[in-house]
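Quick notes on the structure that follows.
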Protein chains: 2
Amino acid sequence: MGNPIPTFPIRPPGSKAVACQNCSLNAFCLPKGLNRDELEQLEDSIQKNVKLGKKDYLFRRADPQNHIYAVKSGAIKTSLSTPEGEEQILGFFLPGDLLGFDAFANDAHTCDARALDDTLLCKLNVDDFNTLMGQLPNLRGQMMRKFGCEIEREQTLSLILGQMNTQARLATFLVSMSRRNQVRGFAPREFALPMPRHDLANYLGMAVETLSRLFSRFQEEGIISVALRQISINDMKRLNALAHHTCH
Amino acid sequence: MGNPIPTFPIRPPGSKAVACQNCSLNAFCLPKGLNRDELEQLEDSIQKNVKLGKKDYLFRRADPQNHIYAVKSGAIKTSLSTPEGEEQILGFFLPGDLLGFDAFANDAHTCDARALDDTLLCKLNVDDFNTLMGQLPNLRGQMMRKFGCEIEREQTLSLILGQMNTQARLATFLVSMSRRNQVRGFAPREFALPMPRHDLANYLGMAVETLSRLFSRFQEEGIISVALRQISINDMKRLNALAHHTCH
DNA sequence: CGTTGGATTGATATCTGTCAAGCCCGGTGG
DNA sequence: CCACCGGGCTTGACAGATATCAATCCAACG
């Protein structure tokens, strides 16, 4: 029979609103570390099961900040654009991830956020959020942690883009996707990428063709198997080694 | 006679402790937006005129987070390293800049911070800081703004590294240095870079030789004048144009 | 004045982007 | 049910930008 480890659900599993306390993602989300009472206060300000269709914008650059968002299912990409329209994708947000922090500098978003697929979100009004930050030290603590994570994420992207050759970039990305699945209790070696090649190539700062060749090469070398967006990692050790082989 | 706009002071101008309220940098620093009463509370937790010699570490990766820092004079660089020792410089912090936010994720720093020159800092204990965050909504607001700025900064670096060719990277950097000087009331077209070529090249994700050639070319074309770390911008318009000419 | 480390300049190699063609999968309509 | 698109993905040939290697050059400092 084997062990049917669930793979990552890309589509919304159901649409019934679930209390944070029963949400399978609460260990990664804002509620982490809150007691029942605090959770209740937080929950009053959260709007659940907000739907977004594939390619819909969650917010755009210069939009006023109204909410902080948590992904429940589906996936969101954020990106920054130059005046000329050149885009850099900054991150892919999966279930349990928070986004919207970019707007705290000027009460307006500095990047665009767009759904890669049909997506379900929870959203928290920023005014309520500010009030709660004053009242709930635990929430404040968790929020600061999330902020720190976001900064760490961005820093890692800079490290990838600034120091690694293309092969190390892809290897690093695959390892990180694997880990993200693992901590959520999903299969760490088999997963579907939520984004098209074009977006991934952009995120990793390379041409689509280069990315495609890398996938092919990794497959030839038996490190992974690729079928379009479906990935299985066959040799995690070597993948890790490639990920650490940084320099140009 | 001309107009002797002061250039950016790299060396500590004096070492007498100054109240935040009289500090020339307070418009960029945490005190922004606080009233006298709040300022006093904040000030009790701030340690002033902490000295750091050139090349001293302010903190290192995995160090427990004890403080948040504000640069008063001098300059700090932060960097991230791969397991193999490849380093990516993440930012240069000038007077008025805050740093230390990277540690909020796990109460431990994720990057290294090192003085580029003799440096004077103010430091704020994080425990006190957490308490104050609960008590002073205005401080919380300013802090969130600073957090947002930090995220924006990191995002911009990713955009630079991921989408721009080397010439656009350098141009963008010079424009940003110019702006940073300007908002602080210093000459926007004449300044000394606080970092050696090696560090700047690393930050911009290119080889030192490439950076050097770019400086030479910009000078040949009359856009800037370079004498080691001393820069003057002769043609801001063209520099801006180069900065916007992103793609590869 | 010699030494040392940073900065520049030149020659060459290599990686990765660009252009172009073809493939394959999924969807649509007859 | 099958044929035909169309878009995303892959593969190949080639060119160009940038890294690497090596040799000076220069400024700062003792």
Side-chain angles (χ1 to χ4, degrees), chain A residues 10-11 54-55 77 86-89 116-118 160-173 192-221 224-231 242 245-248, chain B residues 10-11 53-55 77 86-89 116-118 160-174 192-221 224-231 242 245-248:
Chain A
I10 297 294
R11 304 260 168 194
K54 186 171 177 172
K55 297 197 178 176
K77 68 170 175 180
E86 289 292 316
E87 164 182 65
Q88 171 69 41
I89 292 178
L116 287 163
D117 204 339
D118 291 345
I160 290 173
L161 294 175
Q163 300 299 322
M164 298 186 187
N165 61 25
T166 54
Q167 134 177 322
R169 290 184 210 176
L170 178 57
T172 304
F173 171 78
L193 299 174
M195 77 295 283
R197 293 285 188 273
H198 178 82
D199 284 348
L200 182 54
N202 178 290
Y203 174 71
L204 295 174
M206 63 182 80
V208 192
E209 295 92 329
T210 304
L211 176 63
S212 184
R213 279 185 253 272
L214 285 170
F215 271 124
S216 302
R217 202 167 71 202
F218 284 7
Q219 181 158 241
E220 274 169 32
E221 293 176 3
I224 61 173
S225 307
V226 189
L228 292 180
R229 299 194 188 177
Q230 190 63 37
I231 307 288
L242 287 181
H245 247 295
T246 59
C247 19
H248 291 286
Chain B
I10 297 295
R11 306 257 168 201
K54 185 171 176 172
K55 296 197 178 178
K77 68 170 175 179
E86 289 291 319
E87 166 182 64
Q88 171 69 40
I89 292 178
L116 286 164
D117 204 337
D118 291 347
I160 290 173
L161 294 173
Q163 300 300 322
M164 298 187 187
N165 61 26
T166 54
Q167 133 177 324
R169 289 182 212 178
L170 177 57
T172 304
F173 171 79
L174 290 173
L193 299 174
M195 75 295 284
R197 294 284 189 271
H198 178 82
D199 284 348
L200 182 54
N202 177 292
Y203 175 70
L204 295 175
M206 62 182 81
V208 192
E209 295 93 329
T210 304
L211 176 63
S212 184
R213 279 185 252 272
L214 284 171
F215 270 124
S216 303
R217 203 167 65 192
F218 283 7
Q219 181 158 238
E220 274 170 33
E221 293 177 3
I224 61 174
S225 307
V226 189
L228 291 180
R229 298 194 188 179
Q230 191 62 38
I231 306 289
L242 287 180
H245 249 295
T246 56
C247 17
H248 290 286

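Per chain, numbering begins at 1; letters A, B, ... match sequence-line order.
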- Under 4.5 Å between any side-chain heavy atoms of B/P196 and B/R229, yes or no? yes
- Query: Do A/M206 and A/L214 touch side chain to side chain, with heavy atoms closer than 4.5 Å?
  - Reply: yes
- Task: Indicate, yes or no, whether a donor-acceptor pair under 3.5 Å links the base of C/dT9 to the side chain of B/R217.
- Result: no
Check: protein-nucleotides 26-30 of chain D nitrogen or oxygen pairs below 3.5 Å:
none

- Does some side-chain heavy atom of A/R213 sit less than 4.5 Å from a side-chain heavy atom of A/R217? no
- Does the side chain of A/Q88 reach to within under 4.5 Å of the side chain of A/L161, using non-hydrogen atoms? yes
- Task: Please tell me which of B/F215 and A/A207 maps to the more 5' nucleotide of DNA chain C, matching each residue to the nucleotide holding its nearest heavy atom.
- Result: B/F215
- With a non-hydrogen cut-off below 4.0 angstrom, is B/S212 in contact with a base, only sugar-phosphate, or nothing? base
- Query: Whole-Å distance between C/dG5 P and B/K54 NZ?
  - Reply: 13 Å
- Task: Looking only at side-chain atoms of A/R213, point me to the closest of C/dT8, D/dA19, D/dT11.
- Result: D/dT11
- Message: Nearest whole Å is fine: how far is D/dG8 P from A/L200 CG?
- Response: 15 Å
- Query: When you check the phosphate oxygens OP1 and OP2 of D/dT10, does a side-chain N or O of A/R197 lie under 4.0 Å from one of them?
  - Reply: yes
- Query: For the pair made of CG in A/L161 and C1' in D/dT18, what is the distance, rounded to whole Å?
  - Reply: 16 Å
- Message: Regarding C/dC19, can its base be found pairing with the side chain of A/E209 as donor and acceptor, where the two atoms are less than 3.5 Å apart?
- Response: yes
- How about A/L204 and A/T166: do any of their side-chain heavy atoms sit closer than 4.5 Å? no
- Item | A/V208 side chain, from C-beta outward: closest of D/dT10, C/dG17, D/dT20 | D/dT10
- Item | Distance, rounded to the nearest Å, where A/L211 contributes CG and C/dC15 contributes C1' | 16 Å
- Give a yes/no answer on whether the side chain of A/T210 brings an N or O atom under 4.0 Å of OP1 or OP2 in C/dC15. no
- Query: Once you round to the nearest 0.5 Å, how far does CD of B/E221 lie from CG of B/L242?
  - Reply: 7.0 Å
- Message: I want to verify a distance call: between D/dG12, D/dC9, C/dT16, whose nearest atom is closest to the A/T166 side chain?
- Response: C/dT16
- Task: Measure the distance from CG on A/L204 to C1' on C/dT16 and round it to the nearest whole Å.
- Result: 14 Å
- In whole angstrom, give the distance that lies between atom CE of B/M164 and atom P of C/dG17. 16 Å
- Message: Distance check needed: D/dG8 C1' versus A/H198 NE2, whole Å only.
- Response: 11 Å
- Query: For B/R229 and C/dT8, what is the distance between atoms CZ and P respectively, to the nearest whole Å?
  - Reply: 11 Å
- Task: Taking the side chain as every heavy atom from C-beta outward, state whether A/L200 and A/F215 have any atom pair closer than 4.5 Å.
- Result: yes
